[in-house]
Amino acid sequence: MVREQYTRTSQGTSLQNPESQYVYKIGIYGWRKRCLYLFVLLLLIILVVNFALTIWIIRVMWFNPEGMGLLKVTKSGLRLDGESEFLFPLYAKEIHSREDSSLLLHSSQNITLNARNMNGDVTGRLTVGPKIVQIQGQQFEIKSSSGKMLFSADENEVVVGADKLCVTGPEGALFEHSVETPLIKAEAFKQLRLESPTRSLSMDAPKGVHIKAQAGNIEATSQMNIMLHTSDGMLVLDSETVRLPNLPHGTRGVPGNSNGLYEVCVCPDGKLYLSTAGVSSTCHEYSRICQ
């Protein structure tokens, strides 16, 4: 409170007027003052709480000049030491482990890796689930450490680029359609078996089919017929002994009537041909075939 005094005098007189006192109150008083103090106290409390929370977050998150906890910021990117758990999708250009350790991706459900184009559409996807590993993409390739293609698959074909394809299952390999390969070979001291349980088995080649068994027999078994056909050329049976044990034998009949019987003749060069059967051998009558 400020008190001011004013003295009024008239010109030519010495009388002093009574003192006039005017009092002006400057400041905030009453309930306004109490509200102001309460507001300042509330701001102070909020400031202290925010400072305490900031210190707590720094301690919990392990903030340091190099990064945050096990996560460090380097010139080449981010480095994370130890195990880490991501609750939401992770976007990265490259992920690799340290030189002295392996990279482990663990999930209680499945692991999905997506590759997207500039528009955000998924162009490739790898999903590792508890029961199946699924890959979606235009083409799938497996390459060796030297860059050689070992396996490739797309919508049109599947290519095995390895020098040798081994099927170790006891039932072998099952092909529902045709197979094109230059060589089919069994392991050492193992049998090679080509079988078609309910359909026919056909082997075609533009320059011939070569079947070879170096230490065993070659057997061809069929419920119906076995046909060896060559469209342009001849059929060669190159062996020391050729046996046809189940050929029917003819009986002596009326001379001049063969009754549809034929005789198998052999030329000096090994060519076989049929001759109409007679009372005696008729192979010499058709010797011009051997010429």
Side-chain angles (χ1 to χ4, degrees), residues 67 70-86 89-195 202-216:
L70 301 177
L71 183 64
K72 299 181 180 179
V73 180
T74 61
K75 296 181 179 180
S76 58
L78 298 178
R79 178 178 178 180
L80 181 62
D81 297 329
E83 297 182 0
S84 178
E85 181 178 356
F86 299 93
L90 174 64
Y91 298 91
K93 182 179 180 180
E94 181 181 356
I95 300 176
H96 60 87
S97 64
R98 296 185 303 179
E99 296 180 356
D100 56 346
S101 62
S102 59
L103 178 63
L104 175 63
L105 301 179
H106 176 73
S107 174
S108 58
Q109 296 296 328
N110 54 22
I111 297 177
T112 302
L113 303 178
N114 292 332
R116 301 177 181 271
N117 56 12
M118 299 298 296
N119 299 326
D121 300 330
V122 177
T123 57
R125 173 175 298 172
L126 171 62
T127 303
V128 181
K131 296 182 179 180
I132 187 174
V133 177
Q134 186 176 5
I135 299 176
Q136 297 179 359
Q138 297 180 356
Q139 188 173 4
F140 174 71
E141 289 186 358
I142 298 178
K143 295 184 178 180
S144 63
S145 58
S146 60
K148 180 181 178 181
M149 192 272 293
L150 301 179
F151 181 84
S152 175
D154 54 19
E155 295 181 356
N156 299 323
E157 63 179 1
V158 176
V159 179
V160 179
D163 297 335
K164 186 177 182 181
L165 174 63
C166 297
V167 181
T168 58
E171 298 297 330
L174 176 63
F175 301 95
E176 296 182 358
H177 301 285
S178 61
V179 178
E180 182 177 351
T181 177
L183 176 64
I184 299 178
K185 182 180 180 181
E187 295 184 33
F189 306 103
K190 297 293 182 64
Q191 294 183 358
L192 176 62
R193 184 176 182 180
L194 303 178
E195 180 180 1
S202 176
M203 292 184 292
D204 300 329
K207 294 184 179 180
V209 177
H210 181 67
I211 302 175
K212 183 179 181 181
Q214 296 181 353

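Because the structure is a prediction, the values reported are computed rather than measured. Residue numbers start at 1 and run along the sequence shown. The figures that follow rest on heavy atoms only: side chains count, while hydrogens, waters and symmetry mates do not.
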Nearest heavy-atom neighbours spanning [X] and [Y]:
{"X": "G120", "Y": "R116", "result": "O-NH1, 2.8 Å"}
{"X": "N110", "Y": "G129", "result": "CB-CA, 3.8 Å"}
{"X": "K143", "Y": "M149", "result": "CG-CA, 4.1 Å"}
{"X": "R125", "Y": "N114", "result": "NE-OD1, 3.0 Å"}

- [ ] Would you confirm whether S97, through its side chain, and S101, through its main-chain N or O, come within 3.5 Å as a donor-acceptor pair?
- [x]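 Checked: pair present.
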TODO: Would you confirm whether N117, through its side chain, and N119, through its main-chain N or O, come within 3.5 Å as a donor-acceptor pair?
DONE: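 Yes.
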Task: Among I95, V128, I111, the one residue meeting side-chain contact (heavy atoms from CB on, under 4.5 Å) with L105 - done: I111
- [ ] Output the distance between atom CE (M118) and atom OG1 (T123), rounded to the nearest 0.5 Å.
- [x] 12.0 Å
TODO: Nearest 0.5 Å please: distance from the OG1 atom of T127 over to the CG atom of L113.
DONE: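 Here the rounded value is 8.0 Å.
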Open item on the list: Applying side chain to side chain contact (heavy atoms under 4.5 Å, CB included) to V122 and Q136, what does each step give before you reach the verdict?
Closed with: CA-CA 9 Å; V122 177; Q136 297 179 359; over 6 Å; no
TODO: State which residues pass side-chain hydrogen bond (donor to acceptor under 3.5 Å, both in side chains) with E141; sequence neighbours excluded, sorted by chain then number.
DONE: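 So E141 forms a side-chain hydrogen bond (donor to acceptor under 3.5 Å, both in side chains) with Q139.
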Task: Those residues that, when tested against V158, pass side chain to side chain contact (heavy atoms under 4.5 Å, CB included) (two or more places apart) - done: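 Once residues adjacent in sequence are excluded, the partners of V158 under the side chain to side chain contact (heavy atoms under 4.5 Å, CB included) criterion are F151, A153.
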Open item on the list: With a sphere of 6.0 Å drawn around CD of Q138, does it hold more than 12 non-hydrogen atoms of other residues, nucleotides or ligands?
Closed with: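 Not more than 12 within 6.0 Å, no.
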Open item on the list: Which residues pass the salt bridge (charged side-chain N to carboxylate O under 4.0 Å, His left out) test with D163, not counting sequence neighbours?
Closed with: K148
